[in-house]
Amino acid sequence: MRITGGAWRSRRLDGPGRTATVRPTPDAMRERVFAVLGERVHGARFLDLYAGTGAVGLEALSRDAAAVTFVERDPTTARVLRANCARFDLEAARAAILVRPVAAALRELARGGAVFELAWADPPFERWQEGLEALVAAFSTGLLASGALACLECPAKAEVARSNTAQIKMRE
């Protein structure tokens with residue numbers, strides 16, 4: 001895995017290892033997504049839910065996001081995430097890592113008054129609906145600012161009903 005664009009283009013990242021259940025977003029998909037997001041990333045506060053190795057959030061930072069909050073519940077995977085963040089000598093203000101379930105992290109962030117302009121959710125494919133629910137919750141609690149954009153990575157055959165509460169941009 002590598003960063004596909006921005007200041008850290010081509011820099012390598014640690015992967016999850018062969019026995020891990022983490023499914024990192026492929027380089028080519030991250031490259032396409034960030035090409036579509038374009039200038040929206042510049043200066044944005046980015047929420048990376050189900051962060052895994054941190055590849056998506058680090059891609060955002062490489063492309064000049066102001067800050068990223070990574071949420072990953074698995075402590076072993078979070079160690080890989082921390083190692084990847086350490087490669088870039090990031091200040092705590094630019095990269096916060098919350099090691100807890102997404103629902104708990106969303107409640108904590110909302111209580112703290114956090115607001116994000118961009119969000120990415122990449123839950124395990126067998127639980128992709130959980131990612132959709134998390135994004136809807138982020139909009140309904142005000143974690144995602146008015147006009148924010150949220151992306152959900154889900155299986156290609158997922159049946160996703162659009163919610164009246166949130167505008168969710170889908171990516172396969």
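Not a single donor-acceptor pair under 3.5 Å links the side chain of Thr53 to the backbone N or O of Leu81. Within the 3.5 Å criterion, the main-chain N or O of Met1 finds no donor-acceptor partner in the side chain of Asp27. Looking only at distances, no side-chain donor or acceptor of Arg2 sits under 3.5 Å from a matching main-chain atom of Leu13. Proximity of a side-chain donor or acceptor of Arg94 to a complementary backbone N or O of Ala66 within less than 3.5 Å is detected. With hydrogens and angles disregarded, no donor-acceptor distance shorter than 3.5 Å links the side chain of Asp48 to the backbone of Phe70.
The two residues Ala119 and Leu135 come nearest to each other via the heavy atoms CB-CD2, 4.0 Å. In terms of heavy atoms, Asp14 sits closest to Ala83 at OD2-CB, 3.9 Å. Heavy atoms only, all atoms of each residue included: Ala150 and Phe139 are closest at CB-CE1, 3.7 Å. The nearest pair of heavy atoms linking Leu106 to Ala138 is CD2-CB, 4.4 Å. Met29 approaches Thr25 most closely through the heavy-atom pair SD-CG2, 3.6 Å. When every heavy atom of Ser62 is checked against every heavy atom of Gly5, the shortest pair comes out as OG-O, 2.6 Å.
Qualifying ring-ring contact (aromatic ring centres under 6.0 Å, His included) partners for Phe88, counting only residues two or more places apart in sequence or in other chains: Trp8. With sequence neighbours excluded, the residues that form a salt bridge (Lys or Arg N to Asp or Glu O under 4.0 Å) with Glu130 are Arg127.
The side-chain heavy atoms of Val102 and Pro123, taken from C-beta on, include no pair separated by under 4.5 Å. Residues Val71 and Val99 form no side-chain contact, since every pair of their non-hydrogen atoms from C-beta on lies 4.5 Å or further apart. Between Glu72 and Ile97 there is no side-chain heavy-atom pair separated by less than 4.5 Å.
Heavy-atom contacts from other residues, nucleotides or ligands closer than 6.0 Å to CZ of Arg100 number more than 12.
None of Thr69, Leu61, Val56 except one satisfies the side chain to side chain contact (heavy atoms under 4.5 Å, CB included) rule with Phe46; the exception is Val56. Considering Arg87, Glu31, Glu59 as possible partners of Ile3, the one that fulfils the side chain to side chain contact (heavy atoms under 4.5 Å, CB included) test is Glu59.
Note: Glu133 CD to Leu152 CG = 10.5 Å, rounded to the nearest 0.5 Å. Atom CG of Asp122 is separated from atom CZ of Arg30 by 10.5 Å, given to the nearest 0.5 angstrom. Within the model, atoms CG of Asp74 and OH of Tyr50 stand 14.0 Å from one another, a figure rounded to the nearest 0.5 Å.
No path of Ile, Leu, Val, Met, Phe, Trp and Tyr side chains, each step under 4.5 Å between heavy atoms, connects Leu58 with Val80, placing them in separate hydrophobic clusters. Note: the hydrophobic cluster containing Leu144 also contains Leu98 (ILVMFWY, side chain heavy atoms under 4.5 Å, direct or indirect links).
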If you look only at distance, which donor and acceptor atoms sit under 3.5 Å apart when one is on a side chain in residues 37-44 and the other is two or more places apart or in another chain?
{"unit_1": "Arg40", "atom_1": "NH2", "unit_2": "Gly147", "atom_2": "O", "d": "2.8"}
{"unit_1": "His42", "atom_1": "ND1", "unit_2": "Asp64", "atom_2": "OD2", "d": "2.5"}

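Between the side chains of Thr4 and Arg63, at least one donor N or O lies within less than 3.5 Å of an accepting N or O.
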